[in-house]
*Asks:* 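One structure, as structure tokens, below. Some questions next.
Per chain, numbering begins at 1; letters A, B, ... match sequence-line order.
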Amino acid sequence: MKRTRVIEALNKDKKVERIMVKGWVRTKRDAKEFSFIELNDGSCLKNIQIIIDQNQDCREDLKLISTGAAVSIEGALVQSPGKGQKWEIHAARIELIGEADQNAYPLQKKRHSDEFLRTIAHLRPRTNKYGALFRIRSESAFKVHSYFREKGFFNLHTPIITGSDCEGAGELFRVTTLPAGKTKQNEKQNISENDFFGKEANLTVSGQLEAELFACALDRVYTFGPTFRAENSNTPRHAAEFWMIEPEMAFADLTDNMDLAEDLIKNMTIHVMENCKDDLELFGKFVDKKLMRDLEIIAEKEYVRLPYQKAVEILQSSNKKFEFPVAFGTDFQTEHERFLCENHFKKPVFVFDYPKSIKPFYMRLNDDNSTVGAMDLLVPRVGELIGGSRREERLNILEHRIKEAGMKKETYWWYLDIRRFGSTPHAGFGLGFERFLMMITGVSNIRDVIPFPRTPRHLEF
RNA sequence: UCCCCAGUAGCUCAGUUGGCAGAGCGAGUGGCUGUUAACCACUAAGUCCGCGGUUCGAGUCCGUGCUGGGGAGCCA
């Protein structure tokens, strides 16, 4: 008999004589005459209730069927006389597929702390919260691709292993096939020459430079893949491995860039609100009561667009006492970012035109000669969700900026070539996928929106 | 990496001026009921995070390491 997924069974509009479902037992309540099983198969948040008449032949395995066990149930889908659910299945045949030892199974039918569930990351998707979370993660990823496709962007697969030694985007993970332990004994050059690629290799910290090359050919591209940072940052908003979305557009300026970023965030948010209603409501109920209201603001309200200079003035004239003083030329601290989007504007804020001294070499120098066409999107709870810029397309200025930054232009010959042959204004940004998920679910630790998180000193599963 | 807080039963936690190790939930057993994180009774369950120190005596005080949480820096 063909299996029916629980989500389909619950959406039936009339009763079914015979149906088969398979899944994992969430709870079992025994009575003398009946047993009630709550069955979940991951297809949706809701369970389906199974009623087993203990006088029937199907009770054979019943004692071994307990929380966590995998079972197959055949029976009639009928309207439930009880409260709390529309449909239920009257079991005619039950099969225990895989039992779960109750003395050892760590998931109980009660709420567990996030910290505990993190230690059993292989089982946590079987809880309501994490099942919902990873369905939302999947649906969000789907929307990224469909959004860009609708807008005429091409998906670009940039390399995971890179040979460029520096992009100014943080510490790198070394990739090597040399035996462990011996690397330290050799000189750095010797290592690289004898290594797999014959030169130093690292895991990517960004696909931006490569995306720029392709934007200057396919016009509009985006990357969506894993990114690695070897920084020893121990915060609820950082991970060593995370996923980043990086669109890049040719013939575009900073306004186009902000327009795209705002439209993308709104579309992804609306998509999750429409397609993960039950799952999202769980977060609104148990994780953050303000969530649904905040999501409506993100989906509907126009985002603030604030020049860096104006942001400095707002912060300086505010009555709030900051630990770090604000002055032109300094980067904003977390407290400043939070004040702007959470207290002052109470919605997402783009800050743009930052001083060139605090931004990387590739950002386009403005006519004032002191600021660059950079933009950050600050959102409540998360802080910096997006960082992007218009890219410097003028060869002589870019060469000068590379020199200023203390880097060799030979390393970037291919990057500079693009400015030599048909150079054009272009712009793009990086969106942290996990930070988006934190924003949309209210989950406050990045470790809880990644199936198997990698952070300093943690490499389990 | 820096600052603050915590680590006690499977889970969540209490444990007084240093003096016999506790509760709720979960699990097991029995009962009861078309049950809804069911209910009632009983039972089992501990390297008090590790190491070292102070003391007649340490879950409790001191040092140190590890782990977790919050904040900061770096950033997405």
*Asks:* When you look at NZ of A:Lys86, are more than 12 heavy atoms from neighbouring residues, nucleotides or ligands closer to it than 6.0 Å?
*Replies:* yes

*Asks:* A:Glu384 has a side chain; which of B:rC75, B:rG71, B:rG34 sits nearest to it?
*Replies:* B:rC75

*Asks:* When all nucleic acid strands are considered with a 4.0 Å heavy-atom cut-off, which category describes A:Gln85: base, sugar-phosphate, or nothing?
*Replies:* base

*Asks:* Can you figure out which of B:rG73, B:rG28, B:rU12 approaches the side chain of A:Phe116 most closely?
*Replies:* B:rU12

*Asks:* Any donor-acceptor pair under 3.5 Å joining the side chain of A:Glu115 to the base of B:rG7?
*Replies:* no

*Asks:* Mapping A:Arg111 and A:Leu107 to their closest nucleotides on RNA chain B, which lands nearer the 5' end?
*Replies:* A:Leu107

*Asks:* Using a heavy-atom cut-off of 4.0 Å across all strands, would you classify A:Gly430 as base, sugar-phosphate, or nothing?
*Replies:* sugar-phosphate

*Asks:* Between C1' on B:rA27 and CG on A:Asp30, what's the gap in Å once rounded to a whole number?
*Replies:* 14 Å

*Asks:* Counting only side-chain N and O atoms of A:Arg457, is one of them less than 4.0 Å from OP1 or OP2 of B:rU67?
*Replies:* yes

*Asks:* Could you work out which one of B:rG34, B:rG73, B:rG70 sits closest to the side chain of A:Pro236?
*Replies:* B:rG70

*Asks:* Would you classify A:Ala239 as touching base, sugar-phosphate or nothing, given that sugar-phosphate means primed atoms plus P, OP1 and OP2, and contacts are heavy atoms under 4.0 Å?
*Replies:* base

*Asks:* Taking CG from A:Asn103 and C1' from B:rA44, how many angstroms apart are they, rounded to a whole number?
*Replies:* 10 Å

*Asks:* Considering only the C1' atoms, how many Å lie between B:rA45 and B:rG50, rounded to the nearest integer?
*Replies:* 23 Å

*Asks:* With a non-hydrogen cut-off below 4.0 angstrom, is A:Asn234 in contact with a base, only sugar-phosphate, or nothing?
*Replies:* base

*Asks:* Which base, if any, makes a Watson-Crick or G-U wobble pair with B:rG30, both distances under 3.5 Å?
*Replies:* B:rC40

*Asks:* Which value, in whole Å, describes the distance between the P atoms of nucleotides B:rU12 and B:rG68?
*Replies:* 14 Å

*Asks:* Using OP1 and OP2 only, check whether a side-chain N or O of A:Arg29 sits under 4.0 Å from B:rA38.
*Replies:* yes

*Asks:* In the structure shown, which nucleotide is the Watson-Crick or G-U wobble counterpart of B:rC61, with both distances under 3.5 Å?
*Replies:* B:rG53

*Asks:* Using both distances under 3.5 Å as the test, list the Watson-Crick or G-U wobble partner of B:rU12, or none.
*Replies:* B:rA23

*Asks:* Looking at every strand, decide which applies to A:Ser113 at a 4.0 Å heavy-atom threshold: base, sugar-phosphate, or nothing.
*Replies:* sugar-phosphate

*Asks:* Between A:Ser35 and A:Ile52 (side chain of the first, backbone of the second, donor and acceptor by atom type, cut-off under 3.5 Å), is there such a pair?
*Replies:* no

*Asks:* Just N and O in the side chain of A:Thr334: are any of them under 4.0 Å from OP1 or OP2 of B:rG73?
*Replies:* yes

*Asks:* Mind checking who B:rU17 pairs with, Watson-Crick or G-U wobble, both distances under 3.5 Å?
*Replies:* none

*Asks:* Less than 3.5 Å apart, any donor N or O on the side chain of A:Thr162 or A:Asn202 sitting next to an acceptor on the other?
*Replies:* no

*Asks:* Return yes when atom OH of A:Tyr147 has more than 12 non-hydrogen atoms of other residues, nucleotides or ligands closer than 6.0 Å, and no otherwise.
*Replies:* yes

*Asks:* Which base, if any, makes a Watson-Crick or G-U wobble pair with B:rG68, both distances under 3.5 Å?
*Replies:* B:rC5

*Asks:* Taking A:Gln85 for its side chain and A:Ser80 for its backbone only, find out whether a donor-acceptor pair lies under 3.5 Å.
*Replies:* no

*Asks:* Can a side-chain donor-acceptor contact be found between A:Tyr130 and A:Asp114 if the only test is distance below 3.5 angstrom?
*Replies:* yes

*Asks:* With sugar-phosphate meaning primed atoms plus P, OP1 and OP2, does A:Ile386 contact a base, only sugar-phosphate, or nothing at under 4.0 Å between heavy atoms?
*Replies:* sugar-phosphate

*Asks:* According to the interplanar angle, ranging from 0 to 90°, do the rings of A:Phe36 and A:Phe34 count as parallel (below 30°), tilted (30 to 60°) or perpendicular (above 60°)?
*Replies:* tilted

*Asks:* Nearest of B:rG73, B:rG28, B:rG34 to any side-chain atom of A:Thr235?
*Replies:* B:rG73

*Asks:* Quick one about A:Asn234 and A:Arg457 (side-chain donor to acceptor, distance below 3.5 Å, no hydrogens or angles considered), yes or no?
*Replies:* no

*Asks:* Find the distance A:His112:NE2 to B:rA37:C1' and express it as a whole number of Å.
*Replies:* 11 Å

*Asks:* A:Asn232 near the nucleic acid: base, sugar-phosphate alone, or nothing, with a heavy-atom cut-off under 4.0 Å?
*Replies:* base

*Asks:* With heavy atoms under 4.0 Å as the rule, sort A:Pro81 into base, sugar-phosphate or nothing.
*Replies:* base

*Asks:* Describe the nucleic acid contact of A:Glu246 in one word from base, sugar-phosphate, nothing, applying a heavy-atom distance below 4.0 Å.
*Replies:* nothing

*Asks:* Considering only the P atoms, how many Å lie between B:rG28 and B:rG65, rounded to the nearest integer?
*Replies:* 43 Å

*Asks:* Taking only the C1' atom of each, what is the distance from B:rA58 to B:rG52 in whole angstrom?
*Replies:* 14 Å

*Asks:* Could you tell me whether A:Arg447 contacts a base, only the sugar-phosphate backbone, or nothing, with contacts defined as non-hydrogen atoms closer than 4.0 Å?
*Replies:* sugar-phosphate

*Asks:* Do the side chain of A:Gln108 and the base of B:rG10 come within less than 3.5 angstrom through a donor-acceptor pair of N or O atoms?
*Replies:* yes

*Asks:* Please measure how far the P atom in B:rC51 lies from the corresponding atom in B:rG59, and state the result in whole Å.
*Replies:* 13 Å

*Asks:* Specify the separation, in whole Å, of atom CZ of A:Phe36 and atom P of B:rA37.
*Replies:* 13 Å

*Asks:* Just compare B:rU35, B:rC75, B:rC11 and give me whichever is closest to any side-chain atom of A:Gln49.
*Replies:* B:rU35

*Asks:* Donor-acceptor pair under 3.5 Å: do we get one between A:His458's side chain and the base of B:rG68?
*Replies:* no

